[in-house]
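Only one structure is covered here, and it is reproduced in the block below.
All chains are named by letter (A, B, ...) in the order of the sequence lines, taking the proteins before the strands, and each is independently numbered beginning at 1. Keep in mind that the numbers below use all heavy atoms, side chains included, and drop hydrogens, waters and symmetry copies.
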Amino acid sequence: MKHAVTLTVNGERVEREVEPRLLLSDFLRHELGLTGTHVGCEHGVCGCCTILVDGAAARSCLMLAVQADGVELRTIEGLAEGEELHPVQAAFREAHGLQCGFCTPGFVLAITAFLEESETVDLSDGAIREAIAGNLCRCTGYQNIVEAVRIAARAMGKASA
Amino acid sequence: MKPPPFDYHAPATLDEAVRLRTELGPEASILAGGQSLIPLLNLRFARPSALIDLRRVRELVYVRAGQDGVAVGAMTSQRELERSVDAARLCPLLREAQRCVAHPVIRNRGTVGGTIAHADPAAELPAALRVLAGHVTVRGPRGERRIDADELFQFHFTTSLEPDEILTEVFFPALRPDAGSAYLELSRRHGDYPLAGAAAIAAGDHVRLCFAALGPTPVLVESDDPADWDAAIEPAGDIHASAGYRRELAAVLGGRALALARERATGGAA
């Protein structure tokens, strides 16, 4: 039996009927055509499908679409304002924080949550690496990703805690 | 992979959830945060007939601090418990153990009740609950009852909850003012389940240790003698580590956790 869901995705109201077993990641990609959310492992290890659920980072492969009824989602498509990149996206470009780009949307969302969570952010190597620990980059670009976090933090006016 | 088909229910109240639990029978599963259950569905290790999703049961989301300890509603996210200043003050062990659980992104959704009810012997919070001599509250068609941590964990992924009961609250007793505590673990990769974990509490001559990932349940030992720890644990060998290596880890991590707990007990901090 299908279930009706109503949610907000990147500021737009979405109404659909979904099978209970439909993963939120597949809902975003196949139902809404938002293919910027990448799917890697589908069991919560790689972090590629990370999105923001009511402002908090979450794995969209570890949520069912029916669980998203009533929530507000942000995906990689919802970060840039027109042609202007989100500070985290701009920082990735500046620091060369990506190579193949497959893991990038997940990293960008996880880092966006990390930086938006509070006014001050711990920008030590340890804290940044803890924040991105749930995301795997097989091009091994971590060094530049860590640098991108610092650049983005400055651009977003975050004081170092 | 994708989950197999199942029916889905999202009751708005605990009463309704309990009624559904009885009505749908033991083939149905409770869905809390889904950070363990949904991977099991995706891999098709679990094939429940129906899911009873507790996300709308807001009465199960709270962290209540009292003099005796911290009562945590089953649907409280692990991130919320980690951030609770009261919980960190009353049971410093909780924040320490909580930070070893997977990653912040997982802890945003993973719940306190979920990890306890899932009863993975390698998980951190079950070991914390047991070393603190905590208990849980469960609700079923016959009403509410309390289960002590010592009675709760029966075997790998198996608790003493009846099939028609739902775990509603987890209670962590406050650490005595003269006691110190610590949680340490070793995992291959940051955020993985540990190869072995050790929670320790020291108060004067009295010590309690609880080991994670070293038996079919969290293993409690009330002794500071590593020979007693070695006798109590039942480590298994697997692709990640041999049983013998895990035995050595028990001695090393147990010793370090106990030393840290003792230092904190005398130092007065944490």
Side-chain angles (χ1 to χ4, degrees), chain A residues 1-5 18-27 30 39 41-71 106-107 109-114 117-118 126-136 142, chain B residues 1-10 12 28-29 31-58 75 77-80 82-83 98-111 114 187-193:
Chain A
M1 194 182 88
K2 288 197 171 188
H3 293 253
V5 294
V18 296
E19 291 284 349
R21 73 190 192 112
L22 182 66
L23 295 173
L24 183 57
S25 45
D26 288 336
F27 175 76
H30 303 312
V39 172
C41 71
E42 281 191 333
H43 60 283
V45 173
C46 75
C48 288
C49 68
T50 302
I51 59 168
L52 303 189
V53 179
D54 289 331
R59 302 268 201 261
S60 60
C61 78
L62 296 191
M63 269 185 81
L64 303 167
V66 277
Q67 288 180 283
D69 184 38
V71 306
F107 268 100
L109 270 301
I111 291 165
T112 299
F114 172 63
E117 265 170 9
S118 56
I128 291 174
R129 286 177 184 274
E130 162 74 10
I132 62 171
N135 293 74
L136 299 181
Y142 295 112
Chain B
M1 279 174 65
K2 313 295 179 189
F6 49 81
D7 292 332
Y8 175 83
H9 303 268
S29 286
L31 174 61
Q35 302 302 286
S36 296
L37 179 55
I38 295 186
L40 291 175
L41 292 174
N42 289 358
L43 297 165
R44 301 209 176 188
F45 289 147
R47 290 175 173 271
S49 60
L51 292 185
I52 304 167
D53 184 355
L54 299 183
R55 71 186 162 86
R56 293 169 64 206
V57 186
R58 302 314 291 172
M75 285 299 287
S77 77
Q78 298 199 20
R79 198 87 160 116
E80 191 171 334
E82 173 189 347
R83 285 173 167 161
Q98 195 65 85
R99 286 189 173 156
C100 293
V101 178
H103 313 289
V105 176
I106 297 288
R107 302 199 290 272
N108 277 340
R109 303 232 18 116
T111 64
S187 52
R188 288 279 186 211
R189 288 167 300 266
H190 183 101
D192 278 7
Y193 278 105

Hey, which of B/R189, B/H103, B/R79, B/R107 has the most heavy atom pairs under 4.5 Å with chain A? B/H103
Quick check for you: among B/I106, B/L51, B/D7, which has the greatest number of heavy-atom pairs under 4.5 Å with chain A? B/I106
Which heavy atom in A/A57 sits nearest to a heavy atom in B/N108, and how many Å separate them? O-ND2, 2.8 Å
Flag the one option from B/L41, B/D192, B/L31, B/N42 with the top tally of heavy-atom pairs under 4.5 Å to chain A. B/N42
For the candidates B/R99, B/R55, B/H190, which exhibits the highest count of non-hydrogen atom pairs separated by less than 4.5 Å from chain A? B/R55
Residue, of A/L64, A/T50, A/V53, that accumulates the most heavy atom pairs under 4.5 Å with chain B: A/L64
Distance check, rounded to the nearest 0.5 Å: A/H43 atom NE2 versus B/Q35 atom CD? 13.0 Å
Cut-off 4.5 Å, heavy atoms of chain B, and the answer for A/D26 is side chain
Residues A/A58 and B/R109: closest non-hydrogen pair is CB-CD, 3.5 Å
Can you name the closest pair of heavy atoms from A/R21 and B/P3 and give their distance? NH1-O, 2.6 Å
Minimal non-hydrogen separation, A/H3 against B/Y8, with atom names: CE1-O, 3.2 Å
B/K2 and A/E42: CA distance, side-chain angles, deciding distance, side chain to side chain contact (heavy atoms under 4.5 Å, CB included) verdict: CA-CA 8 Å; B/K2 313 295 179 189; A/E42 281 191 333; 2.4 Å; yes
Report the option among A/E19, A/M1, A/E130 that has the most heavy-atom pairs separated by less than 4.5 Å from atoms of chain B. A/E130
Identify the two heavy atoms, one from A/C61 and one from B/I38, that lie closest to each other, and give their separation to 0.1 Å. O-CG2, 3.6 Å
Within 6.0 Å of CZ in B/R58, more than 12 heavy atoms from elsewhere: no
